Number of protein chains: 2
Amino acid sequence: MEERTPRRPRIADVAREAGVSKTAVSFAFNSPDRLAPETASRILDVADSLGYRPHPVARMLTQRHTHTIGVLTPQALSVIFSNPFFGAFSEGVALAAEQEGYALHFISPLHGSLASAMGRATVDGVVVIGLSADHPEVEQIRAAGVPLAMVDCTALPDQPSVVVEDEGGARSAAEHLLALGHRDFLVVGVEPPLPGAKLDPEGVMGKRLKGYLSALAAHGLELPDHAVVVGPASIEGGIAAMRRAYEDGLRPTAVLAMSDAMAIGVLRAARELGLRVPEDLSVVGFDDIDIAQHTNPPLTTVHQPIRQKGESAVRLLLSVVERRDIRSEQLRLETRLMVRGSTGPAPRRRQEVVRVPS
Amino acid sequence: MEERTPRRPRIADVAREAGVSKTAVSFAFNSPDRLAPETASRILDVADSLGYRPHPVARMLTQRHTHTIGVLTPQALSVIFSNPFFGAFSEGVALAAEQEGYALHFISPLHGSLASAMGRATVDGVVVIGLSADHPEVEQIRAAGVPLAMVDCTALPDQPSVVVEDEGGARSAAEHLLALGHRDFLVVGVEPPLPGAKLDPEGVMGKRLKGYLSALAAHGLELPDHAVVVGPASIEGGIAAMRRAYEDGLRPTAVLAMSDAMAIGVLRAARELGLRVPEDLSVVGFDDIDIAQHTNPPLTTVHQPIRQKGESAVRLLLSVVERRDIRSEQLRLETRLMVRGSTGPAPRRRQEVVRVPS
DNA sequence: AATCTCCCCTAAACCGGTTTGCTAAACCGG
DNA sequence: CCGGTTTAGCAAACCGGTTTAGGGGAGATT
């Protein structure tokens, strides 16, 4: 006569075993002070002996919140997690979430649909990264009444958001190279997630490009279209982009990369092409990920507070989730050029790159 | 006379508005074929106009599963996410999870308690990484009836697990250096998460150390205790470890690092100490993270299939979650030495390191 | 002795869905 | 015209908890 279904014990089982009501058991776990001390501890003992744990889903249902925040990205997590930028960002998100007692739930397209993934997600709010404001998904989330905080996008005026000075940072990178005498540039950009799509001028990469261009324009320079190559934001992407540029006959003295990972790829490709950095070629990245200071030579790059971005996004989000603060803040963080070893004076010899006189 | 509480519409609201029962609404969403086509689409229209989405938590409660898997780590996520190893591992986990239609939930100690974090987590199963089998938490999870898959730990015979050939990989690393003529070694290890704890001989680091030692022993060599330094598994940790070793007077010709991040730190510290790699010093890492092939010089290291580890763990886990397969598999994956540029023949000059004759 | 408090605990409603079991009407062949 | 099968939809039970409103008894107050 064995018990055939070792099913999970419920609150009713504990109540029966302890000879009390379900309410009492609930009190024992959630507000023990509403029970006589010995009753509470007896209930807890019984619960323990039965191996009872309150069912988290049932609890969520009645308490109306999940103590979980979501991180929403339009790309598959499997491509995202290998990105050091995302790692650092998640670090910031996790730090704030952990401090506030929230768990982390990553939301990415399931079976191709971000909407259905979002529909399944049991979160109190979401941090949205890598999505432009006009993405239909974002509107849907808002309509569903789920609080959200946007990262790298400020287009929703009544929503909390965190952005960085992308344009200014990019400008300072280009100015740095211009001051070193460089005139022949190659811009290495991150391609949009959807193949074929044009660089969104309001997106992060669009702003960085704008920053580069405005610095060049101030020196009477223009950037020919073919001096902009794009690829995936990875070391391999950077290698491929640099090789392609060389095969196309470009011989820049300086490379402006929109991501550190790609800059590291450029460093690598340059070495293979027999170019010394920074003597023959200067390279500047963007983001200042951790390894940037440990490359050889150390990478000159535009620092942005990646971790803080994640942390602030969560703080902003929680302030509306917990209704501590209704007004939604728009945070704008600074960027800062970190001059290290990968940039130097432009070499003397002239390059054959197209240049437009002012 | 405005509606004051724009509360989320419930299934009953849709039912009333459409003039049908709750059941019909539920059917419209979940098994439309049980309804007349026009009824179903009318209900869906009403739902849409009301902005109704089925409540995911309520749905979880009745359906008895969450379509979410947890990743459990004993360390704070904020320290974990910056680790490239973990990034690659998560990539594998995410890949398998996404393919199977599961979302990802990261579980780390909340307010210092892994148990309470686990108690709140609404997951169908967990992938456990970095936890030894005798950790009280693991027992608790099993007792709670939550399916789990252990990574890097095989101690639970009736649980699915994924491990790699740590000892063999470490041995091959040491043998490679021995074959190059090295006799004076420094081992750079990853410190246990709890300060002061001794290296768990059954843990990953313990096995790697055992592998190093057995290769040395086969050549009649012993490793003095002071030739093993430990630190956090990061670039900084590697730099600090190498510096400390030098300050202690050690002058090894070869470094065996238990993690690539630390090996990269060693590379960096060596450069600062004026040592050429591999002419003056050989360095071999462990893991073969992505950047290992892009360091300067490219890092010789022991490859382990990190992504596959994550992927397999999820597959194994889901096979028990979905009861497709009751027998729990124990997977053991191979490691493989990747010889690259950071190792070379031992330099001629003898070092003053302590050496025990055979 | 009656009333008031306070303490400890409970019954029942509720959270927002899904699922089971059933019924009434439509359909069908003979 | 009749019994049998389908079809379309409903009411109620259920998932596993929390919370509200309130009841009974003991001690304090009048």
Side-chain angles (χ1 to χ4, degrees), chain A residues 5-44 46-47 50-67 116 119-124 144-146, chain B residues 5-44 46-47 50-67 116 119-124 144-146:
Chain A
T5 44
R7 64 148 177 52
R8 180 184 184 122
R10 299 170 308 183
I11 198 171
D13 300 325
V14 179
R16 185 174 356 89
E17 196 76 11
V20 296
S21 68
K22 291 196 309 174
T23 310
V25 179
S26 181
F27 283 163
F29 277 88
N30 303 312
S31 31
D33 42 325
R34 294 192 55 174
L35 254 35
E38 61 273 19
T39 311
S41 72
R42 179 167 49 90
I43 294 177
L44 257 17
V46 170
L50 258 47
Y52 169 79
R53 297 184 316 147
H55 196 299
V57 175
R59 201 174 242 208
M60 279 180 180
L61 185 60
T62 61
Q63 290 180 168
R64 322 292 297 265
H65 56 251
T66 62
H67 272 291
S116 81
R120 295 191 166 325
T122 55
V123 297
D124 292 338
V146 178
Chain B
T5 45
R7 63 150 177 51
R8 182 186 182 122
R10 300 168 308 181
I11 197 170
D13 301 323
V14 179
R16 183 172 359 88
E17 196 76 13
V20 295
S21 68
K22 292 195 309 174
T23 310
V25 179
S26 181
F27 282 163
F29 277 89
N30 305 311
S31 32
D33 43 325
R34 293 193 57 174
L35 253 33
E38 61 273 20
T39 311
S41 71
R42 178 168 48 89
I43 294 177
L44 256 18
V46 170
L50 258 47
Y52 169 79
R53 299 182 318 145
H55 195 299
V57 175
R59 202 173 240 206
M60 279 181 181
L61 184 60
T62 60
Q63 289 180 169
R64 322 292 297 262
H65 56 252
T66 62
H67 272 291
S116 81
R120 295 191 166 326
T122 54
V123 297
D124 292 338
V146 178

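Quick caveat: nothing in here was measured; it's all calculated off a predicted structure. Chain letters run A, B, ... following the sequence lines, proteins first and then strands; every chain starts at 1.
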Rounded distance (Å) that lies between atom P of D/dG16 and atom CG of A/N30: 17 Å
G-U wobble or Watson-Crick pairing nucleotide for C/dG29 (cut-off 3.5 Å, both distances): D/dC2
Note, A/R10 side chain near A/V25 side chain (heavy atom, < 4.5 Å): no
Rounded distance (Å) that lies between atom C1' of C/dT18 and atom CZ of B/F29: 13 Å
Test item: A/R8 side-chain N/O and B/G145 main-chain N/O as donor-acceptor pair under 3.5 Å: no
Euclidean distance, A/H55 NE2 relative to A/M60 CE, rounded to 0.5 Å: 10.5 Å
Nucleotide nearest B/H55 (side chain, heavy atoms from C-beta), chosen from C/dC8, C/dA11, C/dG16: C/dG16
Phosphate contact (D/dG9 OP1 or OP2) by B/T39 side-chain N/O below 4.0 Å: yes
Test item: B/L35 and B/V20 side chains (from C-beta on) under 4.5 Å apart, heavy atoms: no
Side chain of A/T62 - closest among D/dT18, C/dA11, D/dA11: D/dT18
A/L35 CG - C/dC8 C1' separation (whole Å): 7 Å
Closest nucleotide among D/dT18, D/dC15, C/dT10 to the B/L61 side chain: D/dC15
Nearest-angstrom distance from the residue atom CZ of B/R34 to C1' of C/dT23: 14 Å
base_contact_polar (D/dT18 base, A/T23 side chain, donor-acceptor, <3.5 Å): no
Position toward the 5' end of DNA chain C (nearest nucleotide), A/K22 or A/A40: A/A40
d(CZ, B/R59; P, D/dG17) in whole Å: 22 Å
Interatomic distance, A/I43 CD1 vs D/dT18 P [rounded to whole Å]: 12 Å
Whole-Å distance separating the CZ atom of A/R53 from the P atom of D/dT18: 13 Å
Nucleotide nearest A/Q63 (side chain, heavy atoms from C-beta), chosen from D/dG16, C/dC15, D/dT18: D/dT18
Protein-nucleotide distance (A/F27, atom CZ; D/dG16, atom P), rounded to Å: 21 Å
DNA chain D: 5'-proximal contact among B/R42 and A/P54 (nearest heavy atom): B/R42
Sugar-phosphate only, base, or nothing, as touched by B/V25 at under 4.0 Å among non-hydrogen atoms: nothing
Note, A/H67 side chain near A/H65 side chain (heavy atom, < 4.5 Å): yes
Residue-phosphate contact under 4.0 Å: A/R10 side-chain N/O, D/dG16 OP1/OP2: yes
Close side-chain approach of A/L44 and A/F29, heavy atoms under 4.5 Å: yes
Sugar-phosphate, base or nothing in reach of B/Y52, heavy atoms under 4.0 Å: sugar-phosphate
Proximal nucleotide (of D/dG16, C/dT10, C/dT18) relative to the B/S26 side chain: C/dT18
Residue-phosphate contact under 4.0 Å: B/R64 side-chain N/O, D/dC14 OP1/OP2: no
